[in-house]
Amino acid sequence: MTDSFESIFKDKNKILVVMAHPDDNEIVCGGIVARLIDEGKKVRVVVMTNGGKGMRDRTDVNEEQFAKIRLIEQKKAGVELGLSEDDMFNLNIADGELEDSLENIGKIVYHIREFKPDIIITHNPEEKINTFSEDTKWVNHRDHRYTATLVLDAAYPYSRDTAFFPEQLKNGLSPHCVGQFLMSDFYTHPDAKYFEVGKYLDKRRKALEKHTNGLDQEEIDSFMEEIQKENGHFETLRYLNTD
Ligand SMILES: [Zn+2]
């Protein structure tokens, strides 16, 4: 298992992370984001939904209150990784209600045209079932699938072509092409790449622990354990280069 950090990020300065829920950035790529910032890269995180339905069986808060709590937790967690408040966005779409719509493509196009990333990190758009190993599988959350689908559509062709969302261009933005992606939940894919984050374990755990209401300790421990490989700590993402 080799570290692909250098080979993939050496010629990139701006990394856009687009995730479905307020805790997904820390779960999917918290170590990578901390390492990118440490190495002087510019990272912007855009979260699609507010996570307001993640309270499970709790009855002491309603969806609106819970969403507010989760947005605060998203910011606190991002700060642990080294992000500034200006680098973090939440589109405040209702949890579980993200649709594959032109309107939502436009919201991501805006960030691509404004931030002009060299590569985008997002979820898995292809599978309804994620496979970590023969014994460990889970349903790929609908919000995750749709987030990744929206991201790929936003990147091509909607951010590039001036005929899409022309009102954005009148407001000072310009078209942008981005053709490289890293995607979560492709552990067994031939294009899975590994990113060593051993130096950033503390930051990763502290960031996960800021999601006091979104995650329980058992989940945090399992997310930390998941990245432990035989020769280090690696976050795993599938690399797609369409350039
Ligand atoms: Zn999620």
Side-chain angles (χ1 to χ4, degrees), residues 15-34 43-58 61 63-64 66-78 80-81 83 87-101 104 107-108 111 120-132 136-152 154 181-187 197 204-205 207-227 235-238:
I15 295 89
L16 177 64
V17 182
V18 186
M19 293 284 142
H21 304 114
D23 52 5
D24 288 327
N25 175 47
E26 287 69 42
I27 295 168
V28 166
C29 54
I32 294 171
V33 166
V43 181
R44 174 180 293 196
V45 177
V46 176
V47 174
M48 301 301 291
T49 80
N50 58 31
K53 292 194 182 68
M55 79 282 265
R56 300 179 196 178
D57 53 0
R58 276 176 63 174
V61 282
E63 181 174 344
E64 197 186 336
F66 199 69
K68 281 187 185 147
I69 292 168
R70 297 210 65 193
L71 299 192
I72 294 166
E73 290 183 350
Q74 179 194 328
K75 291 211 165 163
K76 285 185 179 169
E80 287 293 338
L81 299 179
L83 290 159
D87 303 323
M88 289 182 267
F89 297 82
N90 188 297
L91 303 185
N92 205 18
I93 294 166
D95 190 359
E97 298 180 32
L98 180 66
E99 298 298 340
D100 180 5
S101 67
N104 286 335
K107 291 175 183 175
I108 300 173
H111 283 281
I120 305 179
I121 304 177
T122 190
H123 296 284
N124 174 352
E126 290 182 359
E127 309 288 347
K128 271 210 172 177
I129 312 295
N130 284 327
T131 304
F132 182 70
T136 309
K137 300 180 184 198
W138 64 93
V139 174
N140 189 9
H141 195 297
R142 183 177 184 268
D143 289 343
H144 290 205
R145 292 198 312 272
Y146 283 1
T147 295
T149 299
L150 291 161
V151 164
L152 295 179
F181 307 89
L182 289 164
M183 296 178 281
S184 68
D185 303 316
F186 278 108
Y187 303 94
V197 295
R204 190 181 199 273
R205 180 178 282 280
L208 285 164
E209 285 173 349
K210 291 296 175 195
H211 295 285
T212 319
N213 292 272
L215 297 170
D216 60 38
Q217 197 57 46
E218 209 176 296
E219 287 173 310
I220 293 169
D221 291 343
S222 81
F223 290 133
M224 291 302 295
E225 230 167 78
E226 191 179 283
I227 64 167
E235 288 171 345
T236 307
L237 297 169
R238 171 186 169 185

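Indexing begins at 1, ligand by ligand and atom by atom, following the structure's order. Fair warning: this is a prediction, and the values are worked out from it, not measured in the lab.
Between R56 and E219 there is a salt bridge, since a side-chain N of the basic residue sits under 4.0 Å from a carboxylate O of the acidic one. In summary, E26 and K210 do not engage in a salt bridge, as defined by a charged side-chain N under 4.0 Å from a carboxylate O.
Under the side-chain hydrogen bond (donor to acceptor under 3.5 Å, both in side chains) criterion, D216 pairs with no residue at all, not counting sequence neighbours.
Of the options R70, K68, E64, E63, a side chain to side chain contact (heavy atoms under 4.5 Å, CB included) to F66 is made by R70 and by none of the others.
Closer than 2.8 Å to the Zn ion (ligand 1) sit the protein N, O or S atoms H21 ND1, D24 OD1, D24 OD2, H144 NE2.
The OG1 atom of T131 sits 4.5 Å away from the NZ atom of K137 when rounded to the nearest 0.5 Å.
Aromatic ring centres of H141 and H123 lie farther apart than the 6.0 Å criterion allows.
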